[in-house]
Amino acid sequence: MKNIILFADPGIDDSLAIIYALLNPKIKILAIVSSYGNVTKEQATDNIAYLLKLAGRTDIPIIGGTNIPSSGETPRHYPEIHGEEGLGPIRPPEDVKGELTNFSDLYNIIRENQDITVVDVGRNTSLASLFQLGENVSGIIKEFFLMGGAFMVPGNVTPSAEANFYGDPIASQLVLTNLDNIFVVPLNVTNRAIITMEHIKMIQEMTDNPVIQIMDEVMEYYIEAYKKLIPGMSGAPLHDVLTLFLMVNPDMGRTIRREINILTSNDGRGTSIADFRVSSKPSEKNINIFLDFNYQGFIEDFIKVMSSSENS
Ligand code: BDR
Ligand code: CA
């Protein structure tokens with residue numbers, strides 16, 4: 001069982017990742033940190049609250065993360081991919097409003113629990129703040145899984161940058177420089193974590209869990225959005241779900257240990273760089289980049305976890 005603190009910006013694939021974590025018997029969510037990213041922090045918070053309500057898990061604290069990136073600029077959101085409110089066509093009911101727990105409570109959660117894994121599937125601003133505001137969390141937290149970066153493949157927001165590292169490259173660089181035991185799950189693997197409507201329908205037929213019943217409308221929107229970007233695509237990539245899958249099933253992926261640098265300005269902003277030359281050396285710190293994963297294993301696990309009716 002992995003004790004996780006999940007940093008997220010739901011967002012469609014973040015929402016599916018939250019549901020996957022709630023239903024996965026190998027994962028215990030200690031808290032969810034809500035931040036700006038795919039949508040505003042306020043919207044992300046209401047979306048998290050709605051998912052937790054549908055899943056009957058309102059006991060999980062939602063921690064208030066950051067509203068804007070380290071640069072102070074106004075963040076760009078992505079309604080064309082995730083919908084105006086972040087859940088495709090679905091809008092959380094008016095009476096569902098997320099109540100935020102103060103960011104400082106994260107330190108109590110970290111102190112009171114053992115063997116914590118941090119999973120950040122959004123912009124890294126809140127995680128950087130956790131490090132900047134507090135004691136040496138890197139020494140206390142066992143490992144960090146980050147969805148971010150693009151190695152040897154094009155980016156998804158610029159020719160070379162992936163959205164999470166692009167959103168706050170200063171924070172991403174701070175995290176990669178100061179923390180240890182980091183596992184980065186980049187676009188070169190997540191682009192291939194494709195889920196189709198057939199998978200979703202199959203799951204929905206196996207369970208009447210209310211949190212699964214909203215999945216078809218949400219995924220239809222996401223898949224249509226991806227079709228506009230990549231005509232002919234049969235499904236859409238669940239970047240954030242793959243990150244959680246590899247966190248609990250590391251043997252299903254292949255990694256390389258390398259230092260990572262993020263460009264922080266101008267045209268290269270958000271670009272992730274690692275040295276993959278034959279002559280290059282492993283990083284001094286334990287920083288690992290996923291290069292490949294077992295797609296069939298991912299699909300089978302996704303269907304099994306999402307169709308189980310038990311919350312973990
Ligand atoms: C990442 O950016 C967001 O749009 C997704 O939720 C994912 O975390 C993919 O680049
Ligand atoms: Ca995300």
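Every number for a ligand or one of its atoms is a count from 1 in the order of the listing. Source: prediction; values computed, not measured.
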S.K.: Could you tell me the separation between the CG atom of N191 and the CD atom of E162, rounded to the nearest 0.5 Å?
M.R.: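 Result: 9.5 Å between the selected atoms.
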S.K.: More than 12 non-hydrogen atoms from neighbouring residues, nucleotides or ligands closer than 6.0 Å to CD on E42, yes or no?
M.R.: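 Yes, CD of E42 has more than 12 neighbouring heavy atoms, counting only those of other groups under 6.0 Å.
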S.K.: Check each atom of ligand 1 against the heavy atoms of M147 and keep those under 4.0 Å away; list them by number with element.
M.R.: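 Ligand 1 atoms under the 4.0 Å threshold to M147: 1 (C), 7 (C), 8 (O), 9 (C).
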S.K.: Could you verify whether a donor N or O on one side chain and an acceptor N or O on the other, from N286 and N181, lie under 3.5 Å apart?
M.R.: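 Note: N286 and N181 side chains meet the donor-acceptor criterion.
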S.K.: With heavy-atom distances below 4.0 Å as the criterion, list the atoms of ligand 1 near E162.
M.R.: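 Near E162, meaning under 4.0 Å from one of its heavy atoms, ligand 1 has 1 (C), 2 (O), 9 (C), 10 (O).
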S.K.: Just need the protein heavy atom nearest to atom 3 (C) of ligand 1, so name the residue and atom and give the distance.
M.R.: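 Heavy-atom neighbour on the protein nearest atom 3 (C) of ligand 1: N38 OD1, 3.2 Å.
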S.K.: Using a 4.0 Å cutoff against the non-hydrogen atoms of D14, which atoms of ligand 1 qualify?
M.R.: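 Counting from 1, the qualifying ligand atoms are 6 (O).
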S.K.: At a non-hydrogen distance cut-off of under 4.0 Å, which region of D240 contacts ligand 1 (side chain, backbone, both, or neither)?
M.R.: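 Answer for D240: side chain.
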S.K.: For the 3.5 Å polar cut-off, considering only N or O atoms, please tell me whether L187 and ligand 1 meet it.
M.R.: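 By distance alone, the answer is no.
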S.K.: Out of the N/O/S atoms in D240, what is the name of the one closest to the Ca ion (ligand 2)?
M.R.: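 For D240, the N, O or S atom at the smallest distance from the Ca ion (ligand 2) is OD2.
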S.K.: Hey, does H77 sit under 4.0 Å from ligand 1 if you only count heavy atoms?
M.R.: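 Distance cut 4.0 Å: H77 fails for ligand 1.
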S.K.: What part of I81 sits under 4.0 Å from ligand 1 if we count only heavy atoms: the side chain, the backbone, both or neither?
M.R.: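 Near ligand 1, I81 shows nothing, with every heavy atom at 4.0 Å or more.
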S.K.: Please give me the minimum heavy-atom distance between I63 and F103, naming the atom from each residue.
M.R.: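 Minimum heavy-atom separation between I63 and F103: CG2-CA, 3.6 Å.
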S.K.: Is there a side-chain contact between H82 and Q43, using heavy atoms and a 4.5 Å cut-off?
M.R.: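 A side-chain contact under 4.5 Å is absent here.
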S.K.: Could you check atom 6 (O) of ligand 1 against the protein and tell me its nearest heavy-atom contact, residue, atom and distance included?
M.R.: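 For atom 6 (O) of ligand 1, the nearest protein heavy atom is D13 OD1, 2.6 Å.
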S.K.: Which ligand 1 atoms are under 4.0 Å away from a heavy-atom of N164?
M.R.: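 Near N164, meaning under 4.0 Å from one of its heavy atoms, ligand 1 has 1 (C), 2 (O), 7 (C), 8 (O).
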S.K.: Could you tell me, atom by atom, which parts of ligand 1 come under 4.0 Å of a heavy atom of A163?
M.R.: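 Matching atoms, with element in brackets: 2 (O), 10 (O).
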S.K.: Relative to the ring of F151, is the ring of F276 parallel (under 30°), tilted (30 to 60°) or perpendicular (over 60°)?
M.R.: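 Judged by the thresholds at 30° and 60°, the geometry between F276 and F151 is perpendicular.
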S.K.: Which of the atoms in ligand 1, numbered in the order shown and given with their element, are less than 4.0 Å from a heavy-atom of H239?
M.R.: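 Every atom of ligand 1 under 4.0 Å from some heavy atom of H239: 9 (C).
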S.K.: Quickly, which of I5, I60, D14, L51 forms a side-chain contact (heavy atoms from CB on, under 4.5 Å) with I32? Name it, please.
M.R.: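 Going through the options one by one, the only one that passes is I60.
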S.K.: So which of N124, T125, T66 actually passes side chain to side chain donor-acceptor pair (under 3.5 Å) with D168?
M.R.: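 Filter result, single survivor: T125.
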S.K.: Out of all atoms in ligand 1, which are within 4.0 Å of some heavy atom of N156? Include the element for each.
M.R.: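 Result: 9 (C), 10 (O).
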S.K.: When you measure from the Ca ion (ligand 2) to each N, O or S atom of D9, which atom gives the shortest distance?
M.R.: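 Nearest to the Ca ion (ligand 2) within D9's N, O and S set: OD1.
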S.K.: Please round to the nearest 0.5 Å and tell me the distance separating atom CD1 of I287 and atom CZ of F183.
M.R.: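 It comes to 10.5 Å.
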S.K.: Anything under 30° is parallel, anything over 60° is perpendicular, the rest tilted; go ahead and classify F298 against Y295.
M.R.: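 The arrangement is tilted - the two ring planes meet at 30° to 60°.
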S.K.: What's the OD1-the Ca ion (ligand 2)-O angle here (D14, V121), rounded to 10 degrees?
M.R.: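 Nearest ten degrees: 140°.
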